[in-house]
Amino acid sequence: MTRKGYFGQFGGRYVPETLIPVLEDLEEAYLMYSRDRDFNTELKHLLSKYSGRPTPLYFSERLTEQFGGAKVYLKREDLNHTGAHKINNALGQALLASKMGKKRIIAETGAGQHGVASATAAAKFGLECHVFMGVEDMERQALNVEKMRILGAEVIPVTSGSQTLKDATNEAIRDWVTNADTTYYIIGSAVGPHPYPSMVRGFQRVIGDEVREQILEMEGRLPDHLLACVGGGSNAIGIFYPFIEEEQVKMTGVEAAGKGVETGEHAATLTAGSLGVLHGSRSYLLQDDYGQVIPAYSLSAGLDYPGVGPQHSYLMETGRIEYVSVTDEEAVEAFFLLSRLEGIIPALESSHALAHAAKLAPSLSADSLLVVNLSGRGDKDMYSINSFMERREG
Amino acid sequence: MEKIQQIFDSGKVLITFVTAGDPDLDTTARIIHAIDEAGADIIEVGMPFSDPQADGPVIQAAGQRALKKGTDPGGILSMISGLKGSIKAPLFLMGYYNPVMCYGRDKFIDDAFEAGVSGLIIPDLPFDEDEEFYQKLKEKGMAGILMVAPNSREERLEEIGKNCSGFVYCVSLLGITGDNRGPAAGIEDYLGRVRKYVKIPLALGFGIDGPEKAAQAAAVADGVVVGSALVKIVEKFGNTDRLIPEISSFVTGLKKAVSE
């Protein structure tokens with residue numbers, strides 16, 4: 001980092017002055033607790049006994065056979081409590097919130113996975129929880145809305161702007177500006193003003209740390225290639241970060257091309273976006289000629305975000321990580337492939353990474369090791385898949 | 001900048017806000033004329049943005065209406081340029097950083113200067129995120145208005161005191177625009193803390209929705225900012241004949257309240 005809170009030219013704290021002291025308090029608390037032995041012991045205990053970590057690194061014999069190339073490993077984040085990697089960060093931040101003496105947490109959610117994870121952590125820590133969710137997403141992800149309510153959270157429908165994740169994030173920020181004394185804002189991805197991108201990475205890097213240990217044990221060496229889907233980019237930075245200094249490990253982030261990047265209906269921020277400032281940080285984003293943010297599109301609600309974490313912009317700029325995109329169609333194909341070959345129903349988000357694995361694996365030699373981050377499970381996506389198939393067949 | 005100082009030297013200052021392009025840019029120009037004639041001392045012209053973090057529902061909705069009309073920075077600047085010589089009050093542009101970056105930061109400052117804009121207020125651009133931006137404004141003789149909030153720390157106030165120009169915009173409460181709980185309790189202590197470090201005039205804004213609160217705010221601050229309340233009038237009367245008289249009478253009332 002060149003300046004505090006920056007990754008090269010990306011990151012920063014582009015927020016109203018009211019949030020500056022709030023972010024400073026948060027940064028101080030995070031720095032203190034992330035080095036605190038008791039905090040880390042407590043978090044580790046939660047991740048293992050409550051969420052079920054470490055999640056397995058699973059060698060998929062049948063995908064390997066199907067693709068005909070690299071050995072394909074799946075990092076089973078779908079086996080976490082609540083069904084996705086989001087819980088790693090939600091537990092970490094909720095624990096931090098309770099140490100900071102906050103009584104209420106708020107969160108934004110797109111697919112609902114982060115909302116469910118936050119509601120879960122709030123229940124566990126006895127915190128009041130309000131989750132902001134675009135009305136369009138509430139419809140697509142009705143099951144998760146019900147789960148959050150069962151967990152005792154209040155889901156606040158967001159009707160402003162495009163009524164999706166970016167607007168839910170705006171509403172959460174506005175609530176936070178107003179209630180920062182009592183309220184902790186759990187951002188669900190590696191986005192937002194400093195210190196969020198670094199903090200979320202800090203809570204998600206457990207994915208990559210485990211992969212390192214597991215692959216060394218299973219194969220006696222580091223992987224050759226890592227794949228993860230990128231919306232805001234928290235599961236990706238989580239698996240990539242511990243390998244960034246290992247030059248021989250190639251990494252690819254997979255964005256959502258929606259109906260195709262050329263159609264304009266996509267969420268491929270790094271592939272097709274431009275430099276700007278959204279939700280408090282300087283990074284790539286999808287915008288029109290006048291700097292108005294364009295709502296993203298993807299069948300997968302969790303990738304449907306017009307911004308991306310600033311560290312990903314930096315890693316693309318430096319060339320350390322390659323970013324590609326796959327369409328709804330390709331992701332759905334991969335969704336069925338894994339379901340039918342391995343009996344694992346992947347989240348639509350993770351299906352994007354799998355779809356790229358299908359392209360990449362055949363080009364790699366049979367002794368190379370490819371790890372795909374299976375960031376979540378697909379139960380939540382039944383409605384999206386069914387309506388997609390109906391549209392395609394109709 | 002001297003002009004801004006003179007305005008504050010001559011009494012309590014009324015600053016009013018209007019969203020450019022709501023209901024359309026021609027009407028915005030008429031509204032600005034009306035506000036000016038009714039006695040506003042400084043006029044803030046809001047540039048709409050798709051994701052206005054610091055704004056409440058009223059100004060958000062006004063921005064959405066303006067964007068639907070195709071309002072863009074170029075159009076706003078030419079509307080303002082057209083007002084040259086016919087408006088007494090200095091005009092400030094208020095907007096979020098992304099559209100400014102997209103326009104080209106330096107070009108935006110140059111073009112705003114050419115159009116006759118006296119200063120810029122970018123609520124999501126703290127002074128330490130883009131020091132060149134504020135430096136460049138200074139070089140042009142334009143004010144880069146910085147904001148402070150009731151929770152701003154002393155070290156921060158000290159830095160803001162060193163970097164501010166024109167006036168300092170004091171947010172009246174922890175909240176967003178149009179939050180009618182404002183100003184928060186203890187406002188005098190808060191402004192006292194700010195004055196320790198900030199030696200230029202202080203304007204108080206957020207949640208000041210009419211003459212009564214404007215008078216209270218003017219008792220403690222050098223200037224008073226009224227935004228959402230005025231935007232609500234525009235929302236209510238749109239492009240009807242009643243719009244301009246309603247705006248005029250509201251601003252006249254505010255001016256009276258602030259001056260007394």
Side-chain angles (χ1 to χ4, degrees), chain A residues 3-6 9 11-25 158-162 165-183 192-194 274-283 285-295 306-307, chain B residues 47-57 60-61 63-64 67 70-76 95-104 108 122-130 146-157 159-160 168-171 173-177 179 181-182 206:
Chain A
R3 279 166 69 193
K4 190 178 123 177
Y6 276 83
Q9 62 160 323
R13 282 191 313 202
Y14 295 82
V15 295
E17 203 60 38
T18 317
L19 282 181
I20 297 287
V22 179
L23 290 169
E24 279 172 1
D25 284 346
V158 173
T159 54
S160 59
S162 63
L165 180 55
K166 87 174 172 74
D167 309 284
T169 307
N170 291 332
E171 284 306 322
I173 292 171
R174 292 178 189 124
D175 181 296
W176 198 36
V177 167
T178 308
N179 300 301
D181 281 353
T182 57
T183 299
H194 177 69
S274 53
L275 184 62
V277 166
L278 177 66
H279 297 145
S281 70
R282 186 181 170 100
S283 190
L285 56 96
L286 300 177
Q287 56 186 324
D288 69 12
D289 293 344
Y290 303 106
Q292 305 297 338
V293 181
I294 301 174
Chain B
M47 298 185 291
F49 180 46
S50 54
D51 297 81
Q53 277 176 20
D55 286 309
Q60 282 175 44
Q64 288 291 328
L67 288 175
T71 309
D72 64 62
I76 296 169
Y96 290 82
Y97 192 43
N98 196 57
V100 171
M101 259 178 92
C102 183
Y103 188 95
F108 185 81
I122 313 287
D124 63 344
L125 187 64
F127 71 90
D128 50 354
E129 286 303 336
D130 188 348
L146 301 181
M147 301 176 97
V148 298
N151 57 352
S152 295
R153 293 177 179 175
E154 304 251 333
E155 313 87 84
R156 187 86 184 161
L157 292 175
E159 288 295 309
I160 287 169
V168 163
Y169 192 134
C170 304
V171 175
L173 80 171
L174 301 180
I176 52 181
T177 58
D179 184 335
R181 296 172 306 151
F206 281 35

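Chain naming here is simple, since letters A, B, ... match the order of the sequence lines and numbering starts at 1 in each.
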Note to self: Before you tell me yes or no, could you show the steps for A/Arg13 and B/Asp128 under side chain to side chain contact (heavy atoms under 4.5 Å, CB included), namely the whole-Å CA-CA distance, both residues' side-chain angles and the distance that decides it to 0.1 Å?
What the structure shows: CA-CA 9 Å; A/Arg13 282 191 313 202; B/Asp128 50 354; 4.0 Å; yes
Item checked: Trace of the side chain to side chain contact (heavy atoms under 4.5 Å, CB included) decision for A/Arg282 with B/Glu129 -> CA-CA 10 Å; A/Arg282 186 181 170 100; B/Glu129 286 303 336; over 6 Å; no
Next item on the list: Report the C-alpha separation of A/Glu17 and B/Arg156 in whole Å, then their side-chain angles, then the decisive distance to 0.1 Å, and conclude whether the salt bridge (Lys or Arg N to Asp or Glu O under 4.0 Å) test is met.
Entry: CA-CA 10 Å; A/Glu17 203 60 38; B/Arg156 187 86 184 161; 2.5 Å; yes
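Between chain A and the residues B/Tyr103, B/Tyr169, B/Tyr96, B/Phe49, the largest count of heavy-atom pairs under 4.5 Å involves B/Phe49. Heavy-atom pairs under 4.5 Å with chain B peak, among A/Val22, A/Asp289, A/Leu285, A/Ile173, at A/Ile173. Taking chain A as the reference chain and counting heavy-atom pairs below 4.5 Å, the highest number among B/Pro57, B/Pro52, B/Ala61 is found for B/Pro52. Contact count against chain A (heavy-atom pairs under 4.5 Å) is highest for B/Pro99 among B/Pro99, B/Pro150, B/Ala149. Comparing B/Asp55, B/Leu146, B/Asp130 by heavy-atom pairs within less than 4.5 Å of chain A, the highest count is held by B/Asp55. Ranked by heavy-atom pairs under 4.5 Å with chain B, the list A/Asn179, A/Leu278, A/Asn170 is led by A/Asn170.
With a 4.5 Å cut-off on non-hydrogen atoms, B/Pro48 touches chain A through its backbone but not through its side chain. Residue contact with chain B, scored on non-hydrogen atoms closer than 4.5 Å, involves the side chain of A/Gln287 exclusively. For B/Ile122, no part sits under 4.5 Å from any heavy atom of chain A, backbone or side chain. Residue contact with chain A, scored on non-hydrogen atoms closer than 4.5 Å, involves the side chain of B/Gln64 exclusively. With a 4.5 angstrom heavy-atom cutoff, B/Gln53 touches chain A via backbone and side-chain atoms both. For a residue to count as touching a neighbouring chain, one of its non-hydrogen atoms must lie under 4.5 Å from one of that chain's; by this rule B/Pro126 touches chain A with backbone and side chain alike. With a 4.5 Å cut-off on non-hydrogen atoms, B/Ile160 touches chain A through its side chain but not through its backbone.
Shown here are the salt bridge (Lys or Arg N to Asp or Glu O under 4.0 Å) partners of A/Arg174, two or more places apart in sequence or in another chain: A/Glu171. A search for salt bridge (Lys or Arg N to Asp or Glu O under 4.0 Å) contacts involving A/Asp25 returns B/Arg153, not counting sequence neighbours.
When atom types are taken as modelled, the side chain of B/Asp124 and the backbone of A/Tyr14 share no donor-acceptor pair closer than 3.5 angstrom.
No more than 12 heavy-atom neighbours from other residues, nucleotides or ligands sit within 6.0 angstrom of OH on A/Tyr290.
Taking both residues in full, the closest heavy atoms of A/Pro21 and B/Asn151 are given as CG-O, 3.3 Å, listed atom of the first, atom of the second, then distance. Here the closest non-hydrogen pair linking B/Met101 and A/Gly276 is CE-CA, 3.9 Å. The heavy-atom pair separating B/Cys102 from A/Asp288 by the smallest distance is SG-O, 3.9 Å.
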